[in-house]
Amino acid sequence: MDTTTTSKEFIELERQTEKASLFTHTVLTEQITRQNQSDAFLYGLIDYLTQKGIILPDELQAVVASVKEEIIEKKEFASLGVAVRVDGENDASAFVPVNCNERMPICKGMCCKLSFALSVEEIESGLLKWELGKPYHIRHQSNGYCCHINNEQHCSVYGSRPSICRKYSCAKDTRIWTDFDNMILNQEWIDAHLSIEKLQLTEVYMKQ
């Protein structure tokens, strides 16, 4: 057994577990905070209106039950808001081929650092890894690159890569290039959005 590979896999698993925990704790804490604020306002309002004789408790309960059924029927209830990609129709004529081999020494494969959600089919295939702390976005390594990119900058799942990767062309992507023809990178955007990822808690969690 390759102990180096095993160690790397363990470190990555640990990193993903940490991210998953931070995601879960952050989302739950934010929701609980909002719920507490809403409960305080709602209960206070009900008590005030009841004391003033503006509403009757029995009638209010009947209205609440009716609204609850309507929310469930229309599927308007709250959720954690995980992201799943739905692809639209693809216009093949709009695709602009890119001379990747010539550009790679300059761009360093920045497109492989972009974040995007996987489709239901891609998730269920089990061939692609997604971020445990950001369901269901493509998983990234600590260096920012997609987890399926190896040390030689090759895609290990190229034959089964996401459809968004198959259709992607950086020719008109101003996030990557400020001047595509002259190979001038949009370094400001890249530095701001594609830097090495660091684990961090969101502001709402840090306030608790």
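Heavy atoms only: backbone and side chains are in, while hydrogens, waters and symmetry mates are out.
Atom NE2 in His140 sits 9.5 Å away from atom CD1 in Ile149 (nearest 0.5 Å). Between Ile190 atom CD1 and Gln187 atom CD the span is 5.0 Å, to the nearest 0.5 Å. The CG atom of Asp173 sits 12.5 Å away from atom CE of Met110, with the distance rounded to the nearest 0.5 Å. Leu28 CG to Gln31 CD: the interatomic distance, rounded to the nearest 0.5 Å, is 8.0 Å. Here CG of Asn186 is found 6.0 Å from OG1 of Thr178. Values are rounded to the nearest 0.5 Å. For the atom pair OG1 (Thr174) and CG (Asp179), the distance works out to 12.0 Å, reported to the nearest 0.5 Å.
Contact of the Lys19 side chain with the Arg15 side chain is registered, since non-hydrogen atoms from C-beta on lie closer than 4.5 Å. Side-chain contact check for Phe180 versus Val98: some heavy-atom pair is nearer than 4.5 Å. Within the 4.5 Å cutoff, the side chain of Asp87 has heavy atoms near those of the Lys167 side chain. Here the side chains of Ile123 and Trp130 are in contact, with some heavy-atom distance below 4.5 Å. Residues Cys107 and Leu185 meet the side-chain proximity criterion, which asks for heavy atoms closer than 4.5 Å. Side-chain contact between Tyr136 and Arg85: absent, with no pair of heavy atoms (C-beta onward) separated by less than 4.5 Å. Here the side chains of Met183 and Asn99 are in contact, with some heavy-atom distance below 4.5 Å. Using a 4.5 Å heavy-atom cutoff, the side chains of Val84 and Leu118 are not in contact.
Between the Ser21 side chain and the Thr17 main chain, a donor and an acceptor come within less than 3.5 Å of each other. Between the Gln16 side chain and the Leu13 main chain, no donor and acceptor come within less than 3.5 Å of each other. No donor-acceptor pair under 3.5 Å is formed between the side chain of Arg175 and the backbone N or O of Cys111. Judged purely by atom type and a 3.5 angstrom limit, Ser66 has no side-chain atom pairing as donor or acceptor with the backbone of Val63. Put simply, the side chain of His148 never gets that close to the backbone of Arg139: no donor and acceptor are under 3.5 Å apart. Checked by atom type and distance alone, the side chain of Gln141 pairs as donor or acceptor with a backbone atom of Cys146 at under 3.5 Å. A donor-acceptor pair under 3.5 Å is absent between the side-chain atoms of Ser169 and the main chain of Phe95, judged by distance alone. Between the side chain of Arg166 and the main chain of Ser163, no donor-acceptor pair closer than 3.5 Å is present.
The cluster map of Ile, Leu, Val, Met, Phe, Trp and Tyr, joined by side-chain heavy atoms under 4.5 Å apart, puts Leu114 and Leu128 in different clusters. Linking ILVMFWY side-chain heavy atoms closer than 4.5 Å, directly or via other members, places Ile54 and Ile46 in a single hydrophobic cluster. In this structure, Ile32 is not a member of the same hydrophobic cluster as Val27, with clusters built from ILVMFWY side-chain heavy atoms closer than 4.5 Å. Under a hydrophobic clustering in which Ile, Leu, Val, Met, Phe, Trp and Tyr are joined whenever their side-chain heavy atoms come within less than 4.5 Å, directly or via other members, Ile55 and Leu42 fall into the same cluster. Clustering ILVMFWY residues whenever any of their side-chain heavy atoms sit less than 4.5 angstrom apart, transitively, puts Tyr48 in a cluster other than the one holding Leu56.
Both tests do not hold together for Arg161 against Tyr168: distance to the six-membered ring centre under 6.0 Å, angle to the ring axis within 45°.
Here Arg34 pairs with Glu30 in a salt bridge; the nearest charged N to carboxylate O distance falls below 4.0 Å.
Under the 30°/60° scheme for interplanar angles, the aromatic rings of Trp189 and His193 are found to lie parallel.
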Between Ser156 and Asn150, is a side-chain hydrogen bond (donor to acceptor under 3.5 Å, both in side chains) present by the stated rule, with each step listed? CA-CA 7 Å; Ser156 61; Asn150 58 31; over 6 Å; no

Start with the C-alpha gap between Asn151 and Tyr145, add the side-chain angles, then the distance that decides, and say whether side-chain contact (heavy atoms from CB on, under 4.5 Å) holds. CA-CA 10 Å; Asn151 293 333; Tyr145 283 98; over 6 Å; no

Worked verdict on Lys74 versus Glu70 for salt bridge (charged side-chain N to carboxylate O under 4.0 Å, His left out): CA-CA 6 Å; Lys74 293 183 178 180; Glu70 182 179 353; 2.9 Å; yes

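Residue Lys68 places its NZ atom among 12 or fewer non-hydrogen atoms of other residues, nucleotides or ligands, all under 6.0 Å distant. In Asn101, the CG atom is not crowded: 12 or fewer heavy atoms of neighbouring residues, nucleotides or ligands sit closer than 6.0 Å. Annotation for Phe116: atom CZ counts as buried by contact number, over 12 foreign heavy atoms lying within 6.0 Å.
Ser115 and Lys134 make their closest contact through OG-NZ, 3.8 Å (heavy atoms, listed as atom of the first residue, atom of the second, distance). Of all heavy-atom pairs between Lys172 and Val96, the closest is CE-CG2, 4.0 Å. Ser119 and Glu122 get closest at one heavy-atom pair: N-OE1, 2.9 Å.
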